[in-house]
Amino acid sequence: MRSRQERQLNTFHMRNLRRILDITWKDHVTNKTLLKITEVPSMFTLLNQRRMRWLGHVTRMVDGRILKDLLHGELASGRRPTGRHQLRFKDACKRDLKQMNFEINTWEAVAAERSAWRCKVQKGLQQLED
């Protein structure tokens, strides 16, 4: 399930591609066809790629850096408001890893080596696009 913001970004992306190519709704061009014509990945793929790139970067940081501590840290005390909880960045990354068939427990070992991480992410993104 994609977040509301991601769906809105994708809609904006597709609308602008249609405007650039002067394609109207009367032409009956699907989003998949439009992405093939333009050879541009979908907004979902771009967002996943950026998240995975950043996640690999932070994972390779030395321990003690603020960003790494924030990513892996948990609050000792405190309460969240009632209702549906806000989706954290960490939750979005876990969802993306699961969609790309990464092992949730072993992704950090793969991310430690940059070239292997890039290859694995590219393959996962390609599977999502197809």
Side-chain angles (χ1 to χ4, degrees):
M1 181 89 178
R2 300 291 178 181
S3 72
R4 182 172 178 243
Q5 286 179 331
E6 289 174 336
R7 288 193 309 269
Q8 287 175 337
L9 276 174
N10 194 51
T11 303
F12 177 74
H13 179 63
M14 299 308 284
R15 185 178 339 132
N16 285 328
L17 286 177
R18 290 176 193 282
R19 283 183 186 162
I20 289 169
L21 296 176
D22 198 30
I23 296 175
T24 64
W25 63 273
K26 295 177 186 177
D27 297 331
H28 300 289
V29 177
T30 64
N31 288 345
K32 283 187 178 182
T33 307
L34 182 63
L35 292 174
K36 281 185 183 177
I37 291 170
T38 58
E39 297 178 2
V40 174
S42 69
M43 185 56 65
F44 296 130
T45 303
L46 289 173
L47 291 172
N48 284 347
Q49 180 184 25
R50 300 286 165 87
R51 268 195 292 266
M52 292 299 108
R53 183 182 291 171
W54 189 85
L55 189 63
H57 176 70
V58 171
T59 302
R60 287 186 296 273
M61 286 181 179
V62 295
D63 290 337
R65 296 277 306 265
I66 293 173
L67 286 176
K68 191 167 187 174
D69 291 343
L70 284 173
L71 181 67
H72 295 295
E74 295 288 331
L75 290 176
S77 63
R79 294 185 57 161
R80 296 177 88 178
T82 58
R84 184 167 183 251
H85 297 303
Q86 289 284 326
L87 186 67
R88 300 173 299 179
F89 185 81
K90 190 176 184 177
D91 298 331
C93 289
K94 281 185 180 179
R95 180 194 63 209
D96 293 343
L97 288 169
K98 192 179 288 185
Q99 286 177 344
M100 292 192 300
N101 297 325
F102 274 87
E103 294 292 326
I104 298 298
N105 300 331
T106 60
W107 68 269
E108 289 179 340
V110 177
E113 188 178 330
R114 184 176 298 167
S115 59
W117 178 250
R118 283 187 180 175
C119 290
K120 186 104 170 155
V121 167
Q122 287 294 349
K123 287 180 184 176
L125 290 173
Q126 191 64 36
Q127 288 175 354
L128 283 178
E129 276 292 305
D130 295 340

Kindly compute the distance separating [atom1] ([X]) from [atom2] ([Y]), expressed to the nearest 0.5 Å.
| X | Y | atom1 | atom2 | result |
| --- | --- | --- | --- | --- |
| Arg19 | Thr24 | CZ | OG1 | 13.0 Å |
| Leu17 | Ile23 | CG | CD1 | 8.5 Å |
| Phe102 | Leu55 | CZ | CG | 9.0 Å |

Would a single hydrophobic cluster contain both Phe12 and Met14, if residues Ile, Leu, Val, Met, Phe, Trp and Tyr are joined by side-chain heavy-atom contacts under 4.5 Å? no

Tell me whether Trp117 is reachable from Leu71 by hopping between hydrophobic residues (I, L, V, M, F, W, Y) whose side-chain heavy atoms are closer than 4.5 Å. yes

Heavy atoms only: give me the nearest Val110-Lys120 pair and the separation to one decimal. CG1-CB, 4.3 Å

From CA spacing to verdict: side-chain contact (heavy atoms from CB on, under 4.5 Å), Thr11, Gln8: CA-CA 5 Å; Thr11 303; Gln8 287 175 337; 5.6 Å; no

Inspect the contact between Asp91 and Lys94 and indicate whether a charged nitrogen and a carboxylate oxygen are less than 4.0 angstrom apart. no

Other residues, nucleotides, ligands: >12 heavy atoms within 6.0 Å of Arg4 CZ: no

Give a yes or no on whether Lys123 atom NZ has more than 12 heavy-atom contacts from other residues, nucleotides or ligands under 6.0 Å away. no

Do Arg53 and Arg118 come within less than 4.5 Å of each other through their side chains, counting heavy atoms only? no

Does the plane of the ring in His72 sit parallel, tilted or perpendicular to the ring in Trp107? Use 30° and 60° as the thresholds. parallel

Tell me, with the steps shown, if Gln126 and Gln122 meet side-chain contact (heavy atoms from CB on, under 4.5 Å). CA-CA 6 Å; Gln126 191 64 36; Gln122 287 294 349; 5.9 Å; no

Before giving the answer on side-chain contact (heavy atoms from CB on, under 4.5 Å), spell out for Gln99 and Leu128 the whole-Å C-alpha distance, their side-chain angles and the decisive distance to 0.1 Å. CA-CA 8 Å; Gln99 286 177 344; Leu128 283 178; 4.1 Å; yes

Sort and list the pairs that fulfil side chain to side chain donor-acceptor pair (under 3.5 Å) and have at least one residue in residues 55-69, not counting sequence neighbours. Asp63-Lys68

Run the side-chain donor-acceptor check on residues 30-49: report pairs under 3.5 Å with partners two or more places apart or on a different chain.
from	atom 1	to	atom 2	distance (Å)
Thr30	OG1	Thr33	N	3.2
Thr30	OG1	Thr33	OG1	2.7
Asn31	OD1	Arg18	NH2	2.6
Thr38	OG1	Leu34	O	3.0
Thr38	OG1	Leu35	O	3.4
Ser42	OG	Thr45	N	3.3
Ser42	OG	Thr45	OG1	3.1
Ser42	OG	Glu129	OE2	3.1
Thr45	OG1	Glu129	OE2	2.2
Asn48	OD1	Arg51	NH2	3.2

